[in-house]
Amino acid sequence: MRGSVKLFNIFGISINIHITFLFLMVFFLSGGIKWLVLMIGVFCFVTLHEVCHSLVARHYGIEVREITLLPIGGIASMSSMPKKPIQEFFISIVGPLFNFAVIVIFYNPMKSLLGPEVLFYRPFSVATWPLTLAYLYWINLMLAAFNLIPAFPMDGGRVLRSLLAGRIGYGKATKFAVGLGHIFAIGFAYFGIVNFNIVLVAIAIFIYMAASNEGHQMDAKEALKKFKIGE
Ligand code: ZN
C-alpha cells in the first residue's frame, strides 16, 4: 500500500506500517513510555490477527503478499477473493477467534500474575505497569468484539455475507452487509458528534467509505462476469 514502510517478513508475508500509524506512535510517545509499550503491544496483536487471516487464506490457495497496519487496524492484501462462501467464512472468523483465544489462554496466567484487583477493577489505565498489561490483555476482547460486528468492513460483515450468500446470493448478501456497514457508521458518527469526539467521527467516515468500497468491488466483479458471458 502507498505511504507505508516495510518492517519485516513473517511466514513470507511483508509486514508494512502505514505512515499515519507512525504518527500515532509519536503521538502516544508524548503520553509516556507506557502508552508507547501499549501501542506496540496492540500492534503485535493486530499483526497476529491479520497473520491468522492470511494463513487460512493461503490454505485455500489465496496468496497474501503484504499486511499493512493502519491506525484503524490491519489489512491483508489477498491476491484473489475466496471462491466459496465456506472459505470466506473461515478466513474471516479466524481473526476474531485468535483474539478470543488470547483472552481464554492467558486468563489464568494473567489472574495469578496481576491479581484479580488489577485485572478486573481498574481497566483502561496506564497508571502502572500491571494496569498497562491488563489493558493490553482486554484490548484483545475489544478487537474480537469490534471485528465481529456483522457489517462491512469488519470481519463480521464477511462472516455474515458468507452465511447469507448461499441463501440470497452473493450480490444481495454483499449489499446487505454494505447497508449494515453504512448504518453502523452513521450511528458511530452520531455517537462521536454528541460526545464531541472528532476521532470517532473520523473513524465513522472511514468505516462508511470502506463499506462502500466492498460494494464497489462486488459491482466490478459482477460487471466482469457479465462481460465474459456477453463475449
Ligand atoms: Zn480481521
Side-chain angles (χ1 to χ4, degrees), residues 1 4 7-18 20-21 24 39-106 136-165 173-174 176-178 180-182 184-185 188 203-204 206-215 217-218:
M1 188 182 279
S4 55
L7 294 181
F8 50 84
N9 274 321
I10 184 166
F11 297 112
I13 304 160
S14 171
I15 308 296
N16 304 339
I17 188 162
H18 198 259
T20 50
F21 200 98
L24 199 73
M39 281 316 291
I40 292 169
V42 172
F43 161 90
C44 292
F45 282 122
V46 170
T47 303
L48 290 171
H49 170 116
E50 292 303 322
V51 166
C52 289
H53 285 311
S54 305
L55 292 181
V56 177
R58 189 179 278 178
H59 170 75
Y60 292 124
I62 299 165
E63 206 193 316
V64 180
R65 286 178 217 92
E66 57 174 35
I67 289 169
T68 308
L69 296 146
L70 298 159
I72 182 113
I75 295 173
S77 308
M78 299 193 184
S79 62
S80 59
M81 297 280 285
K83 285 170 197 75
K84 292 182 190 144
I86 189 84
Q87 296 179 351
E88 180 168 52
F89 176 83
F90 284 116
I91 293 169
S92 309
I93 199 96
V94 75
L97 280 185
F98 162 75
N99 298 108
F100 271 130
V102 170
I103 290 289
V104 172
I105 292 165
F106 289 98
L136 184 61
Y137 173 77
W138 289 117
I139 275 176
N140 280 284
L141 192 63
M142 288 160 69
L143 285 172
F146 183 77
N147 275 297
L148 279 178
I149 293 168
F152 276 140
M154 278 68 76
D155 293 330
R158 265 167 249 283
V159 169
L160 180 70
R161 172 167 70 183
S162 71
L163 293 175
L164 290 177
T174 302
F176 189 71
V178 170
L180 286 180
H182 286 163
F184 174 73
F188 206 75
I203 293 171
F206 176 85
I207 290 172
Y208 192 96
M209 282 165 35
S212 300
N213 194 35
E214 295 284 344
Q217 272 176 19
M218 195 271 303

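In each ligand, atom 1 is the first atom listed, and ligand 1 is the first ligand listed.
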Using a cut-off of strictly less than 2.8 Å, determine whether D155 has an N/O/S atom near the Zn ion (ligand 1).
yes
With a cut-off of 2.8 Å, does C52 place any N/O/S atom under that distance from the Zn ion (ligand 1)?
no
Classify the ring geometry of F184 against F188: parallel below 30°, tilted from 30° to 60°, perpendicular beyond 60°.
tilted
Minimum-distance pair of heavy atoms, taken over all atoms of T174 and G215
CG2-CA, 4.4 Å
Could you check if a side-chain atom of S77 sits within less than 4.5 angstrom of a side-chain atom of R65, using non-hydrogen atoms only?
no
Give a rough value, rounded to 10 degrees, for the angle at the Zn ion (ligand 1) between atoms NE2 of H53 and NE2 of H49.
100°
State, with a plain yes or no, whether a side-chain heavy atom of I86 is found less than 4.5 Å away from one of S162.
no
